[in-house]
Trainee: 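Have a look at this one.
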Amino acid sequence: MTLLETRLAARAPIDPRRLRADFPILDQDVNGYPLVYLDNAATTQKPRQVIDALVHYYENDNANIHRGIHTLAQRATAAYEASRVKAAAHIGAQPQEIVFTRNATEAINLVARAWGDANIREGDEIVLTAMEHHSNIVPWQLLALRKGAVLRYANVTDTGYLDFDHLRSLIGPRTKLVSVAHMSNVLGVINPVADIAEAARAAGAFLLVDGAQGAPHLPVDVESLGCDFYAFSAHKMLGPTGVGVLWGREGLLATMDPFLGGGEMISLVHEDMSTWADLPHKFEAGTPNIADVIAFGAALDYLRDLGMPAVRAHEMAITAVAIDALSAIPGLHVHGPKAVEDRGGAVSFAVDGIHPHDMSTILDSYGVAIRAGHHCAQLLMRRLGVPATNRASFYIYNDTADVDRLTAAIREAIKVFA
Amino acid sequence: MTLLETRLAARAPIDPRRLRADFPILDQDVNGYPLVYLDNAATTQKPRQVIDALVHYYENDNANIHRGIHTLAQRATAAYEASRVKAAAHIGAQPQEIVFTRNATEAINLVARAWGDANIREGDEIVLTAMEHHSNIVPWQLLALRKGAVLRYANVTDTGYLDFDHLRSLIGPRTKLVSVAHMSNVLGVINPVADIAEAARAAGAFLLVDGAQGAPHLPVDVESLGCDFYAFSAHKMLGPTGVGVLWGREGLLATMDPFLGGGEMISLVHEDMSTWADLPHKFEAGTPNIADVIAFGAALDYLRDLGMPAVRAHEMAITAVAIDALSAIPGLHVHGPKAVEDRGGAVSFAVDGIHPHDMSTILDSYGVAIRAGHHCAQLLMRRLGVPATNRASFYIYNDTADVDRLTAAIREAIKVFA
Amino acid sequence: MSEPGLPLDDLYREVIIDHYRKPRNRGTIDGARHVEGVNPVCGDEIRMDVVIEDHTVKDIAFEGAGCSISQSSASMMTEEVKGRTLGEVEAKIAHFRAMMLDGAEPAADLGDLEALQGVTKFPVRVKCAMLSWNVLQEGLEPSTTPA
Amino acid sequence: MSEPGLPLDDLYREVIIDHYRKPRNRGTIDGARHVEGVNPVCGDEIRMDVVIEDHTVKDIAFEGAGCSISQSSASMMTEEVKGRTLGEVEAKIAHFRAMMLDGAEPAADLGDLEALQGVTKFPVRVKCAMLSWNVLQEGLEPSTTPA
Ligand SMILES: Cc1ncc(COP(=O)(O)O)c(C=O)c1O
Ligand SMILES: Cc1ncc(COP(=O)(O)O)c(C=O)c1O
């Protein structure tokens, strides 16, 4: 979609100044300056509605779920399951296909264990990309180690895109799984998931999409993406910490063994063996993170009310402004695509002669929070030939005034090192 | 300890009426009656201090931890790590031995995978008890299935105690692990962990203690217990849902492979293999449940200020009252030990001619919340020869008025079925 | 104690307590088609023997363990379906489901089962009432292998 | 822009920027004892060659990548330890640690390194300043095998 098309699809454009009133944390001074929070790819801030949902739950309904007959247990169970319906709706899926985990990382590990251990054999290949987050690399390394499988990494082009032809060339008869980020947390680039799904399917391989940066920023429909698993984290999309989502095709989840054993996930327990509960409970062992799942429901409501096309349109607009403003700074180089149709609002950049950690410290002293480091993407850092990058990442409450504060602080940093 | 000794060890006795002011949820009517919450073994309520800690975090400090240089990330990291120190202090351990998980269940699964897969071989034996929670059974069943190991279950006596002689007789040269509940969530019985540790150690076996019902209710010191792993859940001890703790001896944790792979738990990531972060981060993959771990710190502060000996003394006192009052009801039979020195405040009971689900529904209609069911202990239900039990379980904010309301409602239920 | 805040009287109607205490058609039938079901969440169990001849439920018996709702529902159900044609039984199943799950008024052919309507005011207990009906449904399916 | 709210001037002192831009003793030494260290959290690297003769740091050189604090700390450190006896070097390490980790005032033998005291006002950056010192400490341990 072009920016114009996305804007047209959006119900009403986002007004970040108005939304900020919902985010109490943004109304504070940091080191003497009003906070400019540009670390949204790491975690987003939470609106009043989400915080209130937590408070409401603990002040009114708190109880352990699923097995209780008393009133609080009924209320808590209903609210918990309502969040599952909302999470499903957010990505165009069915509730019984939604498994709540701790985070996207655990969701990917669940697949690596519960699907991978049963389906990956010696010599099988798993295709990743060189831009993956460690959470979409290490679980497969551990699986490969257990099973004698082989990992293959698709290249990243000099302009910060996935080298799709290279990826396709890696997918062959031994490929059992392809696992790619929907959107890179460093380059911001959006990967062509539907095309990748087609290539995977043609080879009889499954496709997992690491949606940690997808679900918060893009309208997502797992059916049209054509993937088999989709993983994401609540805390990166206005929700609380401690909640992740694994979506899997029902037929696929149904064939999988459980991951963790314990309460909630069983049907009958005998001394030697047990039988499992139905989907999705089979994959939710022990007392879940009830309160945060319920509060995540409030975050999903918030995003639904804004409309994901509007979220996307706002991010395209502010990213365009940010890339222009950053590129105008002498000695500053933006990594990743420049065209906002192809990317989200995670903008990594390098500044000649200034290490990202120094940059981040100086920006922080001006109240501007960015992230500096390898962003859990060491393979990509090596590909880019840098030890670390600066990353400013935007969300619904950021506006062009934040971009101004960012660029002004960067210019101050350049003076320090001049 | 006798009740008197425990009382003497307690700094100041607990005054449940005063504490209730800290628990907003208790101040509500359910089905027209003031709520009497007696489902504390399933999950406890949260004091204002814990709820406030969550709100404070999200309104002031929320950021992703460990890698950020900006001010919010520094604050969040410091607060998160401060909770680790508090969790360690609660059980007499070192902070680097504390791994935060989602719940006790995940903590046990972590050991079953990260320790079990590397150390359990075909024919090895794992000794459990017939009173274990499913969370301390199913992970070992899955491990036994993977490795061809054998599970052995120690008996429960007719009076609701662990048959320690039987347990000891099961521990032999093939025993690699013993895993027992510190306190049964059904019988309330406290198991003789130090003796079990001695028996395990003599056979060269490791000992895991499922402390889900221990850490909330008893003064715990892992050194004097002599165990190797100790697992518990924050939500059962005033803390939020979504946080569990695995404690393991440092030397043991250090030799273990990671459980989940991803961000936070790595040192260096290469295409084929990675190296792991130091303890305890090696076991905490992905963005942790930052907010809830921090709020759990407030719960630990609350318990520390009360003093665990005072908590224990209060529970012994109210349990004694409850057992007396319940036993006076014709046709009512209390499961488990009657001596409060030997047990905690989870009191299971049967009433002639009334199924626990009917009892729970009737009690709920009088505003009294108990739990009815198998309590994730199907093996124990079979041992007791019942499909389910009624369970009233007490905590610091319960007093004798709650016991009165419970017994009055039970008498009403008996009338319905008379 | 004063009146409870929930309509307990609607739930524990006299006829329900009666069937719970004195279940009808309790037992087993040699050579019958055997089906069973458990509600894993609460542990309620129903084991059922059904004899179908000439498109009619010639005989039916059950055993089980569980709460008053699950056991009385099974007992009343056996009374209502014994001797009925498969068509009549299917209609009863549909009418019972409609009453319990969709809030429909009890159809005339439900007889005493009408007493279970009060369960709908206690949503967590609805599955108790449904258990024996799901087992019966399975017993009617042609694919079930006779015991 | 107005003055920042944190004492940036204390962190980025002239001498630090100078060492960062023009690192002293940069390079490798053939046949020297080689040690290296990475700060996995931020990726800073220091590779160091040390020649110890007669209980003296006869020669020292380093290469590395990272922020101004880690690299300038390494550069200043090489200047301060080159030609010193092991006893003097151990004392400097102790004094530097005391300044960075325990908030002690800079000891007289730290020379230019005193400029790094401002880092203590930025606690997350202290580990940057410490990296090369931890590597040096390793280079002094007898167990280290020469390259
Ligand atoms: C003895 C015991 N073990 C384990 C658990 C599991 O705790 P969680 O569901 O918090 O993982 C419980 C809680 O129900 C318990 O009572
Ligand atoms: C692309 C991508 N994948 C995975 C993750 C891991 O998310 P979490 O730490 O919430 O599990 C992140 C977040 O840092 C990410 O950006």
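Naming: A, B, ... by sequence-line order, numbering from 1 per chain. Here the structure is a predicted model, which is why all the values come from computation and not from measurement.
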Trainee: Provide the closest heavy-atom pair for T101(A) versus R102(B) in the form atom of the first, atom of the second, distance.
Mentor: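 Taking every non-hydrogen atom into account, C-NH1, 3.6 Å.
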Trainee: Heavy atoms only, distances under 4.5 angstrom: which of H270(B), H134(B), Q141(B), M265(B) has the most pairs with chain A? Name it, please.
Mentor: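 Of the candidates given, the most pairs with chain A belong to Q141(B).
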Trainee: Under a 4.5 Å heavy-atom cut-off, does chain B meet the side chain of L268(A), its backbone, both or neither?
Mentor: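 Both the backbone and the side chain of L268(A) come within 4.5 Å of chain B.
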Trainee: Does the distance from a Lys or Arg side-chain N to an Asp or Glu carboxylate O, for R48(A) and E59(B), drop under 4.0 Å?
Mentor: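 E59(B) and R48(A): salt-bridged.
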Trainee: Could you give the distance from CD (E271(B)) to CG (L379(A)), rounded to the nearest 0.5 Å?
Mentor: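 CG of L379(A) is found 5.5 Å from CD of E271(B).
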Trainee: What distance separates L72(A) CG from L35(B) CG, expressed to the nearest 0.5 Å?
Mentor: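 These two atoms lie 5.5 Å from each other.
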Trainee: Can you tell me which portion of H357(A) sits under 4.5 Å from chain B's heavy atoms? Options are side chain, backbone, both or neither.
Mentor: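 Both parts, backbone and side chain.
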Trainee: Please report the shortest heavy-atom distance between I25(B) and D61(A), naming the atom on each side.
Mentor: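 The answer is CD1-N, 3.6 Å.
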Trainee: With only heavy atoms counted, which part of R382(A) is less than 4.5 Å from chain B, the side chain, the backbone, both or neither?
Mentor: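 Contact with chain B: side chain only.
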Trainee: At a heavy-atom separation under 4.5 Å, does N136(A) approach chain B through its side chain, its backbone, both, or neither?
Mentor: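 Interface part for N136(A): neither.
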Trainee: Any idea which heavy atoms bring S360(A) and I69(B) closest together, and the distance?
Mentor: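 Smallest heavy-atom distance, with atoms named: OG-CB, 3.5 Å.
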Trainee: Chain B heavy atoms under 4.5 Å from I266(A): which part of the residue, side chain, backbone, both or neither?
Mentor: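 Answer is side chain: those atoms of I266(A) sit under 4.5 Å from chain B.
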Trainee: Roughly how far, to the nearest 0.5 Å, is CG of N62(A) from OG1 of T44(B)?
Mentor: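 Between atom OG1 of T44(B) and atom CG of N62(A) there are 7.5 Å.
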Trainee: Which one, D272(A), L54(A), D27(A), leads in non-hydrogen pairs under 4.5 Å with chain B?
Mentor: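 The option with the most such pairs is D272(A).
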Trainee: Would you check if the side chain of S135(B) reaches a backbone N or O of G286(A) as a donor-acceptor pair within less than 3.5 Å?
Mentor: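 Not a single qualifying donor-acceptor pair exists.
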Trainee: Against chain B, label V30(A) side chain, backbone, both or neither, depending on which of its atoms sit under 4.5 Å from a heavy atom there.
Mentor: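 Contact with chain B is through the side chain of V30(A) alone.
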Trainee: Output the option from P24(A), A130(A), A377(A) having the highest count of non-hydrogen pairs under 4.5 Å with chain B.
Mentor: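 Looking at each of P24(A), A130(A), A377(A) in turn, P24(A) comes out on top.
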Trainee: Who among T105(A), V269(A), L363(A), D257(A) has the most heavy-atom pairs with chain B under 4.5 Å?
Mentor: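 The residue among T105(A), V269(A), L363(A), D257(A) with the greatest pair count is V269(A).
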Trainee: For Y58(A), is it the side chain, the backbone, both, or neither that has a heavy atom closer than 4.5 Å to a heavy atom of chain B?
Mentor: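 Looking at Y58(A), backbone and side chain both touch chain B.
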Trainee: Among the options I370(B), L110(B), L143(B), pick out the one with the most heavy-atom pairs lying under 4.5 Å from chain A.
Mentor: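 Winner by heavy-atom pair count: I370(B).
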Trainee: Taking N60(B)'s backbone N and O only, do any of them form a donor-acceptor pair with Q28(A)'s side chain (distance below 3.5 Å, no angle check)?
Mentor: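 Looks like yes, one N/O pair under 3.5 Å.
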Trainee: Roughly how far apart are I108(A) CD1 and L260(B) CG, rounded to 0.5 Å?
Mentor: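 Those atoms lie 11.0 Å apart.
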Trainee: Heavy-atom cut-off 4.5 Å, strictly under: side chain, backbone, both or neither for F259(A) against chain B?
Mentor: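 The answer is both parts of F259(A).
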Trainee: Which atoms of I290(A) come close to chain B, meaning under 4.5 Å heavy atom to heavy atom: side chain ones, backbone ones, both, or neither?
Mentor: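 Both parts, heavy atoms under 4.5 Å.
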Trainee: Any idea which of G244(A), G367(A), P240(A), A112(A) has the most non-hydrogen atom pairs under 4.5 angstrom with chain B?
Mentor: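 Of the options given, most contacts go to P240(A).
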Trainee: What residue in A369(A), G373(A), C376(A) has the most heavy-atom pairs under 4.5 Å with chain B?
Mentor: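 Option with the top pair count is A369(A).
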Trainee: Is chain B contacted by the side chain of P288(A), its backbone, both, or neither, given a heavy-atom distance below 4.5 Å?
Mentor: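 Just the backbone, heavy atoms under 4.5 Å.
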Trainee: On a heavy-atom basis, which atom in T43(A) and which in N64(B) lie closest, and how many Å separate them?
Mentor: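 Reported closest heavy-atom pair: CG2-N, 3.5 Å.
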Trainee: Rounded to the nearest 0.5 Å, how far does CG of L151(A) lie from CE of M273(B)?
Mentor: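 M273(B) atom CE to L151(A) atom CG measures 8.0 Å (nearest 0.5 Å).
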Trainee: Keeping Q378(A) on the side-chain end and S267(B) on the backbone end, is there a donor-acceptor pair under 3.5 Å?
Mentor: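 At least one qualifying donor-acceptor pair exists.
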Trainee: Any idea which heavy atoms bring I65(B) and R371(A) closest together, and the distance?
Mentor: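 So the two residues come closest at O-NH1, 4.3 Å.
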Trainee: Calculate, to the nearest 0.5 Å, the distance between atoms CG and CG belonging to N103(B) and N289(A) respectively.
Mentor: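 Between atom CG of N103(B) and atom CG of N289(A) there are 9.0 Å.
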Trainee: Using heavy-atom distances under 4.5 Å, tell me whether H374(A) contacts chain B through its side chain, its backbone, both, or neither.
Mentor: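 It is the side chain, since no backbone atom gets that close.
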Trainee: Give, as side chain, backbone, both or neither, the part of L145(A) having an atom under 4.5 angstrom from any heavy atom of chain B.
Mentor: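 Contact with chain B involves the side chain of L145(A) alone.
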Trainee: Compare every heavy atom of G261(B) with every heavy atom of P139(A), then report the nearest pair and how far apart it is.
Mentor: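 Looking at all heavy atoms of both residues, the shortest contact is CG-O, 3.4 Å.
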Trainee: With a 4.5 angstrom heavy-atom cut-off, which part of R391(A) approaches chain B: side chain, backbone, both or neither?
Mentor: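 When you check distances to chain B, no heavy atom of R391(A) falls under 4.5 Å.
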Trainee: Just to verify, which of D39(A), N31(A), D364(A) counts as forming a side chain to side chain donor-acceptor pair (under 3.5 Å) with H70(B)?
Mentor: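 Among D39(A), N31(A), D364(A), the one that satisfies the side chain to side chain donor-acceptor pair (under 3.5 Å) with H70(B) is D39(A).
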